[in-house]
Amino acid sequence: MSAHPDIIDALKARGFLPADAEPRLEPLSGGVSSDVFRLETVNGPVCVKRALAKLRVDADWRAPVERSHVEAEWLRAARPLVGAAVPEVLLELEAANLFVMSFYAPETHRIWKAELAAGRTDPVFASRVGALIAKVHAGCAGSQALAGRFATTALFEDLRLAPFLRHAAVVHPELAPRLVALADRTAATRITLVHGDVSPKNILHGPEGPVLLDAECAWYGDPAFDLAFCSAHLLLKTVWRPAFAADFLRDAAAVRDAYLAGVDWEPAAEVDARAAQLTAAILLARVDGKSPADYLQTLEDRGFVRETAKRLIAGDMSSMPVLLAAWNEGLATR
Ligand SMILES: Nc1ncnc2c1ncn2[C@@H]1O[C@H](COP(=O)(O)OP(=O)(O)O)[C@@H](O)[C@H]1O
Ligand SMILES: [Mg+2]
C-alpha cells in the first residue's frame with residue numbers, strides 16, 4: 001500500500017496508471033524542496049516530483065509551489081536541445097504541483113556532489129557539464145516566446161537574488177553598493193533561459209555524461225548566473241575537501257572553458273566577466289546569506305570563504321580565470 005494514495009489516485013484519474021494497479025511510491029532522498037519518488041510502472045520505473053510549500057531548511061523559507069510548473073516547462077524547453085541529458089516530462093498535474101519524468105537509475109547515475117566528495121573528479125566530465133549548460137543557453141537565447149513563458153523574475157528574486165546577494169549586502173554594508181548593483185543588474189538582464197540551480201547535487205554522473213535536474217528556479221535572464229552558481233559550488237568544495245582542491249579548481253576551469261566555447265549569443269568575455277562578479281558574490285552568500293553551505297562547518301572554513309570572497313568582490317574580478325587564480329592564491333596562504 002502506498003503512503004501517498006492521493007498521488008496514485010491522481011495518476012490513475014489521468015490514465016497514467018491502470019485503475020487496478022497497486023504501485024509503490026519509493027521516496028528518493030536528497031531533495032529539500034520537494035517530495036521525489038521512484039514509481040514502478042508496467043513500462044519501467046519513472047520519477048514523480050511534487051513541490052512542497054515549505055523548504056526543508058533551517059530558516060522558515062517558503063517558495064511558491066508554482067515552481068513545479070516552471071521546472072516542467074524548463075525540461076520541455078531543454079529536452080529538444082540536449083536529449084537525455086535532462087529528464088523527459090511524461091505527465092504534468094499542474095494543479096497538484098506535480099509532474100512525472102523519466103527515471104535515471106541511481107546505480108548508474110551517481111550524484112556528482114558525492115563523486116566530488118570522494119575525490120572522484122574528471123575534467124572531461126566537468127567540460128561536459130559546461131557544454132551542457134551552454135547548449136541550453138545558446139538554444140534558448142533571443143527567444144521572445146521563452147521570455148514570455150519564463151517571466152519568473154519575481155520567483156528568481158525570491159529564491160536567488162534576495163536570499164543570496166541582497167541578504168549578504170545587509171550583513172556586509174561596506175559591500176552593499178556593489179552587491180545590490182549586481183543583484184539589480186542581474187534582475188534586469190534578459191538574455192536566455194537560465195536553470196538557476198546548477199549545483200553538483202542536482203547533476204547526475206551517468207554513463208552517457210551529465211544529467212541536469214531540478215530547474216525550479218528557471219528564469220529568462222542572465223546566463224552568467226548558471227556558470228557562477230556552478231563555479232561557486234566547485235570552489236567551496238576546495239574548502240570542504242582540501243585534499244582535492246587542485247582537482248576541483250581544474251574542474252571549475254574545465255566547466256568554464258567548455259561553457260565559454262558554447263557562447264554564441266554575445267561576446268564570451270562579457271558573460272565571463274559577469275560570471276566572475278556573480279561567483280564572488282555567491283561565495284560570500286554561501287557563508288552570510290540565507291542558505292549557508294551546510295558543509296562549511298568550522299569557523300576557520302567560514303572565515304576563509306568570507307574573507308576571500310570579500311576580497312574578490314572588492315577586487316572587481318574581470319574574468320573567471322582571474323577569479324580562479326585569486327581563489328587558488330588564497331588557498332595557498334591558508
Ligand atoms: N528523474 C530522476 N531520476 C532519478 N532520480 C531523480 C530524478 N529526479 C530527482 N531524482 C533524485 O531525487 C533527488 C532530489 O531531486 P531534485 O529534483 O533535486 O529535488 P529538490 O528540488 O527537492 O532538490 C535528486 O538528487 C536525485 O537523487
Ligand atoms: Mg535538488
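We use all heavy atoms of the structure for the numbers below, so side chains are in, but hydrogens, waters and symmetry mates are not. For this chain, numbers begin at 1 and follow the sequence in order. Whatever order the structure lists ligands and atoms in, that order sets their numbers, starting from 1.
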Near the Mg ion (ligand 2), is there an N/O/S atom from Asn202 that is less than 2.8 Å away? yes
Does Pro106 reach ligand 1, in the sense of a heavy atom lying below 4.0 Å from it? no
Can you find a heavy atom in the side chain of Thr152 that is under 4.5 Å from one in the side chain of Tyr220? no
Output the list of atoms in ligand 1 that are nearer than 4.0 Å to some heavy atom of Lys49, sorted by atom number. 16 (P), 17 (O), 19 (O), 20 (P), 21 (O)
Nearest to the Mg ion (ligand 2) - the N/O/S atom of Asp214, by atom name: OD2
Side chain to side chain contact (heavy atoms under 4.5 Å, CB included) with Lys310: which residues, sequence neighbours excluded? His172, Glu174, Leu175, Leu284, Arg306, Glu307
Would you kindly specify which portion of Ala105 sits under 4.0 Å from ligand 1, judged on non-hydrogen atoms: side chain, backbone, both or neither? neither
Pairs of nitrogen or oxygen atoms closer than 3.5 Å, one from Glu71 and one from ligand 1: do any exist? no
Is it possible for you to check whether Arg241 lies under 6.0 Å from the centre of the six-membered ring of Phe248, through NZ or CZ, and within 45° of that ring's axis? no
Considering the heavy atoms of Lys201, write down every atom of ligand 1 situated less than 4.0 Å from one of them. 25 (O)
Out of all atoms in ligand 1, which are within 4.0 Å of some heavy atom of Ile111? Include the element for each. 25 (O), 27 (O)
Heavy-atom distances under 4.0 Å are what count here, so tell me which part of Cys47 touches ligand 1: side chain, backbone, both or neither. side chain
Answer whether the closest heavy-atom distance between the side chains of Trp74 and Leu212 falls below 4.5 Å. yes
What heavy-atom pair brings Ala275 and Leu227 nearest, and what distance separates the two atoms? CB-CD2, 3.7 Å
Kindly state each residue pair satisfying ring pair (Phe, Tyr, Trp, His ring centres under 6.0 Å) with at least one member in residues 281-321, sequence neighbours excluded. Trp240-Tyr295, Phe304-Trp327
Just jot down the ligand 1 atoms closer than 4.0 angstrom to any heavy atom of Phe103, in number order. 3 (N), 4 (C)
I'd like to know whether Asp184 forms a salt bridge (charged side-chain N to carboxylate O under 4.0 Å, His left out) with Arg166, so could you lay out the CA-CA distance, the side-chain angles of the two residues, the decisive distance to 0.1 Å, and finally the verdict. CA-CA 9 Å; Asp184 289 347; Arg166 297 191 201 281; 2.9 Å; yes
